[in-house]
Amino acid sequence: MEAKNRIIFHIDVNSAYLSWEAVYRLQHGDTLDLRTIPSVVGGDVTARRGIVLAKSIPTKPYKIKTGESLYSAKLKCPELVVVPPRYHLYMQCSKALISILEEYSPSIQQFSIDEVFLDFTNMEVHWGDFVNAAHKIKERVKKELGFTVNIGISSNKLLAKMASDLQKPDKVHTLFPHEIQDKMWPLPVEELFMVGRSTTFKLHKKGIFTIGDLATTDPNLLMQWFKSHGRLIWEFANGIENSPVRQDFPVKGIGNSSTLPFDIEDRKTGHRALLSLTETVAMRLRNIRKSAGVLSVFIKDRDFESCSHQRKLNVPTHSTNILYRIACQLFDEIWQGHPLRHLGVRASELYSDDFYQLSFFEPDIERQNALDTAVDEIRTQYGWNSIMRSCFLHSGLNPMMGGVIQEEEYPMMSSLL
DNA sequence: TCTGGGGTCCTAGGACCC
DNA sequence: TCTGGGGTCCTAGGACCC
């Protein structure tokens, strides 16, 4: 039932982590509003995670980019204020936003921690004209939660998302198909959703610099250059996109990875780090009642050379011990012995756990499950560190790396929106 | 003390099968 | 004999997003 004239909102929190941090600090007696000075939320430099996670609008003249190292950000702006992240707070802020939005439409899709699509089609009877409604929502969020959002409005998700990006902060924009030429085509091509660094570079070499240039390029040519991605970005440049707002995406994979506080130089420590990562991955799998059919291990060495190795499992599983054993095998098969700064474990090809298969080779499966269940219950009740493997004592490693666990894993965005 | 962590999707090449 | 050809599965890597 493809509605012809849909009204889609895209709600985007302005400088999300930074705004949330600023609001929290103001509420706790701080007098300085981080949003009004050049400031960033950044990772821990001593733990080798020193990058910009979010930046305030006053950093704009310094050309500080999300993802760049704090070292280089400080070179650009010596008076930059850097504050550490508080992921737990951000999850709460995100939830609070969602619960307000849920009042305005039964059809909302969380796209990331700070972006939400809302299908406003047929909702005018309840809330009035869509532009007024968007303003009402925006003001309510500001008044009740203390942070500002941009709301983009159009007839599909892509255009709504592009609209919310137009001018920040605290704005409502429309970008309906008849406005594309005026509002979207003059923008630099890299501002189009799904045109990243690599594609931008190649497009520039072909003389394509604006979204309008891209929109008016022969799509067959783009397909020759970029395969299916060429078709996709041509359609996006022309505002063509019609995926529904939906909340029931299946989760495709669950993974954890971590930059370690020190380089790993021996196999035993490598395995220990894998165990730590696997504990959280397996717990999250069990939490959503899924078993993994494929396990992958990802490593990155001191020189930032990285590679991955994966294996399809004979029998899907969510058992910490079995997944750990396979992770170690994969690790031993690819690691050349170079000092490692980063390790990752990811479970994919997820199967529902409604039943699990007994394997001839894993006669122990019932006991493994019983053990995992017991440990999960203790950790849920008494906290994550209430029970841990003794090998982590004095190891310098967190026994459960990565993974803020959620009641519900919400699926991340995809190129299909 | 420069360079995070969570995802999704696509493609290419090799193995294997008929 | 100068090397079919189509299909599927598997794996590694790259591109993109926030």
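Not measured: the values here are computed from a predicted model.
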State whether [X] places a side-chain N or O below 4.0 Å from either non-bridging phosphate oxygen (OP1 or OP2) of [N].
{"X": "A:Asn256", "N": "B:dG5", "answer": "no"}
{"X": "A:Ser257", "N": "B:dG6", "answer": "yes"}
{"X": "A:Arg49", "N": "B:dG5", "answer": "yes"}
{"X": "A:Lys227", "N": "B:dA12", "answer": "yes"}
{"X": "A:Arg346", "N": "B:dG7", "answer": "yes"}
{"X": "A:Lys161", "N": "C:dC18", "answer": "yes"}
{"X": "A:Ser258", "N": "B:dG4", "answer": "no"}
{"X": "A:His229", "N": "B:dC9", "answer": "no"}
{"X": "A:Arg341", "N": "B:dG4", "answer": "yes"}
{"X": "A:Lys252", "N": "B:dC9", "answer": "yes"}
{"X": "A:His309", "N": "C:dT11", "answer": "no"}
{"X": "A:Ser112", "N": "B:dG6", "answer": "no"}
{"X": "A:Ser228", "N": "B:dC10", "answer": "no"}

Looking across every strand, which nucleic acid part, if any, lies under 4.0 Å from [X] by heavy atom: base, sugar-phosphate, or nothing?
{"X": "A:Ser306", "answer": "nothing"}
{"X": "A:Gly344", "answer": "nothing"}
{"X": "A:Glu68", "answer": "nothing"}
{"X": "A:Val195", "answer": "sugar-phosphate"}
{"X": "A:Gly43", "answer": "nothing"}

Item to check | Ring-on-base stacking C:dC18 with A:Phe111 (under 5.5 Å, under 30°) | outcome: no
What's the [atom1]-[atom2] distance between [X] and [N], to the nearest Å?
{"X": "A:Lys202", "N": "C:dA15", "atom1": "NZ", "atom2": "C1'", "answer": "8 Å"}
{"X": "A:Asn150", "N": "C:dC18", "atom1": "CG", "atom2": "C1'", "answer": "16 Å"}
{"X": "A:Lys312", "N": "C:dA12", "atom1": "NZ", "atom2": "P", "answer": "14 Å"}
{"X": "A:Phe298", "N": "C:dG13", "atom1": "CZ", "atom2": "P", "answer": "10 Å"}
{"X": "A:Ile334", "N": "C:dA12", "atom1": "CD1", "atom2": "C1'", "answer": "11 Å"}
{"X": "A:His342", "N": "B:dC2", "atom1": "NE2", "atom2": "C1'", "answer": "16 Å"}
{"X": "A:Arg311", "N": "C:dC10", "atom1": "CZ", "atom2": "P", "answer": "13 Å"}
{"X": "A:Arg231", "N": "B:dT11", "atom1": "CZ", "atom2": "C1'", "answer": "19 Å"}

Item to check | Salt-bridge contact A:Asp263-A:Arg48 (side-chain N to carboxylate O under 4.0 Å) | outcome: yes
Item to check | C:dC18: pairing nucleotide in any strand, Watson-Crick or G-U under 3.5 angstrom | outcome: B:dG5
What nucleotide, of [options], holds the atom closest to the side chain of [X]?
{"X": "A:Ser308", "options": "B:dT3, C:dA12, C:dA15", "answer": "C:dA12"}
{"X": "A:Ile51", "options": "B:dG4, B:dT1, C:dC18", "answer": "B:dG4"}
{"X": "A:Lys300", "options": "B:dG4, B:dG7, B:dT3", "answer": "B:dG4"}

Checklist entry - Any idea how A:His178 and A:Phe176 line up, ring-wise: parallel (<30°), tilted (30 to 60°), or perpendicular (>60°)? => result parallel
Checklist entry - Do the rings of A:His10 and A:Phe117 sit parallel, tilted or perpendicular, given the 30° and 60° boundaries? => result tilted
Checklist entry - Any side-chain heavy atom of A:Leu371 sitting closer than 4.5 Å to one from A:Asn321? => result yes
Next on the checklist: So A:Trp225 and A:Lys205, do their side chains get closer than 4.5 Å, heavy atoms only?
Outcome noted: no
Next on the checklist: Before you tell me yes or no, could you show the steps for A:Phe298 and A:His342 under ring-ring contact (aromatic ring centres under 6.0 Å, His included), namely the whole-Å CA-CA distance, both residues' side-chain angles and the distance that decides it to 0.1 Å?
Outcome noted: CA-CA 8 Å; A:Phe298 175 84; A:His342 182 102; 5.8 Å; yes
Checklist entry - Can you find a side-chain donor-acceptor pair between A:Asp353 and A:His318 that sits under 3.5 Å? => result yes
Item to check | Nearest-nucleotide 5' precedence on DNA chain B, A:Gly253 against A:Thr46 | outcome: A:Thr46
Checklist entry - Looking only at atom P, what distance separates C:dG4 and B:dA15, rounded to whole Å? => result 16 Å
